Enquirer: 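Quick one: the structure is below, questions incoming.
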Amino acid sequence: MFTRAIRLVLIISIAVGGWIAIRQGQVFRTLYAEKMRLTNIVGYMPIEDPSKIYVKRIATDAPGKFAWRIYLPADYAEEERYRTQSGGGGSQSVSLPVLAREEIVRINFRIVNDRRLDVFAQQERTSRYFSLDVPQGLDLTSEALFKLIIDSGVEDFQVHSYNTDQVVYLLNVAWPNKYAKKFEESSPLRMYLNAPILEYGFGSTEAWRIQDEVVQRNN
Amino acid sequence: MHNAETGDLDVDAQTLRTSNSSWRWSLSTLLLMMTTIAVWVAVFQFTRRVEQTRMDLVKLSRLSANLVITDPNAVAAVALPAEWANSSRWKIYVPATLPAYRLVLQGPIQSKPNTTLLISNDVTVLSQAQRVSIPITPGTHTIDYEYDLGRPNETVEKTFVKLDGKIVHEFDLPGPSVWQSSGSTSTSDTSDSSRSYPVSSTVKLMTQELRGRNPQNANYILQIRLEPESGPSQ
């Protein structure tokens, strides 16, 4: 009698558990499919060491648009810096968050009236918009813009990790050689011939200090 | 059973067997036990995975500005990443149930120079005269608000409101040479995390206040919102 009672309890338990497992399995499959769909948009970036910075370039829907998924560890004070072809530049400190966070950094380019290169950079807490003059004599079409050299070390679509005392360059755009020659001939900005159109990066205050010291030593 | 040495019945062993007989299980009962354990381990595993996936989805939805419709009968909206400065984008969901919704644009309304800005949170201060109302069909839509950046530093800039990529309203707004970024504000009920709003509520997608660059320049206010047919509600 006792054994029968135990069996009955076990059978009921299996039935209830099986029903819950099937339901949870269905919920999980639905959520997992949605997770995969969103992961395809923002990229798969496993965080193996939460104390490091992680960066992964993600695909965008148009040329001239760039985006990166970045992971910043807890207590990381981020400072964004950029430098443009005209020697102009700027920096902006982002407040000190206590928690680790992930965000998307986007940088969009477009040419206006063949004479102006517009750049719009956007992070979660800040955005920046500036225009760069296209030098006289330079026949820069939209098509040519997207053939500009983009070299930052994170231009591929792989996951890159950095220590918190390193500066991370997201974008380093320079004129291609044939445009660089025209750029030189147009003269007024000749001194900046070897300067990129745009450098854009971020790092901690300490990372930028180390970087600045290295640059000063090399000069 | 007899004891080999004494010839007496081994009472203790018999008593022990009798008392333990209820704890002896058949093979089928043991199989049932193992199946029960396996099923409930699966339940706990799935539950843990579902919770973890839900947490991942919250993060991924924010990163991808994904519109999440939690209640098919409620309006939902998420702010999409801006393509350019002074432009804004939203993805919205309008339910098929009543009330019907419309996209309302009020402004730009000019205030007198040397006066304080209008109180943006109070939609009633906005003039009814400068109001454009566009019906929205139920479903998911994209709304864009953008400047024509082809004419920088002009005093008037062409500004567009687009619904699903089609311009539904076009108007002139004072350009950046007229207003100053310091003191000008743009606020919204939406964020990069998807949110559902109570039934029949008004959703202020954007309220922009532009402060004149010079004392002789006027201030401007502009609001884009989703409004139920029955009228604005707070």
Side-chain angles (χ1 to χ4, degrees), chain A residues 1-4 6-43 45 58 62 65 67 69-70 101-104 106 108 110 112-113 116 118-122 124 127-131, chain B residues 21-26 28-68 80-88 147-153 176 181 186 191-194:
Chain A
M1 186 64 189
F2 177 70
T3 308
R4 281 186 182 177
I6 289 285
R7 282 186 179 189
L8 186 64
V9 168
L10 289 174
I11 289 167
I12 292 170
S13 176
I14 289 168
V16 171
W19 183 78
I20 294 172
I22 290 168
R23 285 295 303 270
Q24 289 287 69
Q26 288 170 339
V27 170
F28 173 71
R29 275 193 293 277
T30 307
L31 293 176
Y32 187 75
E34 179 67 357
K35 180 182 169 181
M36 286 297 103
R37 188 182 72 80
L38 297 181
T39 300
N40 283 336
I41 297 171
V42 298
M45 193 171 76
I58 58 178
K65 291 182 181 176
R69 180 177 176 180
I70 62 172
R101 63 201 187 278
E102 284 191 42
E103 55 186 73
I104 304 289
R106 298 174 196 278
N108 295 344
R110 78 172 173 189
V112 180
N113 298 335
R116 206 180 79 215
D118 281 352
V119 185
F120 180 58
Q122 188 183 42
E124 194 166 276
S127 67
R128 192 179 289 284
Y129 173 69
F130 44 85
S131 293
Chain B
S21 61
S22 60
W23 295 103
R24 283 161 52 194
W25 310 103
S26 67
S28 59
T29 308
L30 285 171
L31 276 172
L32 279 175
M33 282 181 171
M34 284 192 290
T35 308
T36 307
I37 291 167
V39 162
W40 282 99
V41 166
V43 167
F44 288 121
Q45 287 278 359
F46 272 131
T47 305
R48 196 175 57 80
R49 283 181 163 196
V50 162
E51 287 310 309
Q52 181 61 48
T53 309
R54 278 191 207 281
M55 286 166 59
D56 291 345
L57 275 175
V58 169
K59 182 177 74 180
L60 289 169
S61 289
R62 184 182 60 79
L63 289 174
S64 61
N66 183 45
L67 180 67
V68 181
L80 300 175
E83 301 260 312
W84 295 99
N86 300 322
S87 70
S88 300
Y147 277 25
D148 175 12
L149 287 168
R151 299 181 300 167
N153 302 321
S181 55
S186 183
S191 72
D192 58 2
S193 292
S194 182

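All values below were derived from every heavy atom in this structure, side-chain atoms included, with hydrogens, water molecules and symmetry-related copies excluded. Not measured: the values here are computed from a predicted model. Throughout, protein chains are lettered first and strands after them, A, B, ... in sequence-line order, and every chain is numbered starting at 1.
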Enquirer: Could you point out which residue of B/Gln52, B/Lys59, B/Arg54 forms a side chain to side chain donor-acceptor pair (under 3.5 Å) with B/Asp56?
Expert: B/Gln52
Enquirer: Of the backbone (N, CA, C, O) and the side chain (C-beta and beyond), which part of A/Val119 lies under 4.5 Å from a heavy atom of chain B, both, or neither?
Expert: backbone
Enquirer: Can you find a pair of side-chain heavy atoms, one from A/Glu34 and one from B/Asn66, that are under 4.5 Å apart?
Expert: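 They are in side-chain contact.
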Enquirer: Give me the ring orientation class for B/Trp84 and A/Tyr129: parallel if the planes are under 30° apart, tilted from 30 to 60°, perpendicular past 60°.
Expert: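 Perpendicular, since the angle between the ring planes exceeds 60°.
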Enquirer: Side chains of A/Arg29 and A/Gln26 only: does a donor on one sit below 3.5 Å from an acceptor on the other?
Expert: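 Absent: no donor and acceptor within the cut-off.
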Enquirer: Counting only heavy atoms closer than 4.5 Å, note whether B/Ala65 contacts chain A via side chain, backbone, both or neither.
Expert: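 When you check distances to chain A, no heavy atom of B/Ala65 falls under 4.5 Å.
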Enquirer: Which one wins on heavy-atom pair count under 4.5 Å against chain A: B/Val43, B/Leu57, B/Asp192, B/Thr53?
Expert: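 Counting heavy-atom pairs under 4.5 Å, the top option is B/Leu57.
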Enquirer: Side chain, backbone, both or neither: which part of A/Gln122 has a non-hydrogen atom closer than 4.5 Å to chain B?
Expert: side chain
Enquirer: Tell me, for A/Leu31 versus chain B, whether the close heavy atoms (under 4.5 Å) come from the side chain, the backbone, both or neither.
Expert: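 Answer is both: backbone and side chain atoms of A/Leu31 are under 4.5 Å from chain B.
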Enquirer: Under 4.5 Å heavy-atom distance to chain A, tell me which part of B/Glu83 shows up: side chain, backbone, both or neither.
Expert: both
Enquirer: Using non-hydrogen atoms and a 4.5 Å limit, figure out which bit of A/Ile22 sits close to chain B: side chain, backbone, both or neither.
Expert: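 A/Ile22 has no heavy atom closer than 4.5 Å to chain B.
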Enquirer: Within a 6.0 Å radius of atom CZ on B/Arg49, are there more than 12 heavy atoms belonging to other residues, nucleotides or ligands?
Expert: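 Check fails, neighbour count at 12 or below.
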Enquirer: Using only heavy-atom distances, determine whether the side chains of B/Ser193 and B/Arg62 contain a donor-acceptor pair under 3.5 Å.
Expert: no
Enquirer: Less than 3.5 Å apart, any donor N or O on the side chain of B/Ser64 or A/Arg37 sitting next to an acceptor on the other?
Expert: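 Checked: B/Ser64/A/Arg37 side chains show no N/O donor-acceptor pair below 3.5 Å.
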Enquirer: Counting only non-hydrogen atoms closer than 4.5 Å, does A/Arg106 touch chain B with its backbone (N, CA, C, O), its side chain (CB onward), both, or neither?
Expert: side chain
Enquirer: Of the listed residues (B/Val39, B/Leu60, B/Ile37), which shares the most heavy-atom pairs with chain A below a 4.5 Å separation?
Expert: B/Leu60
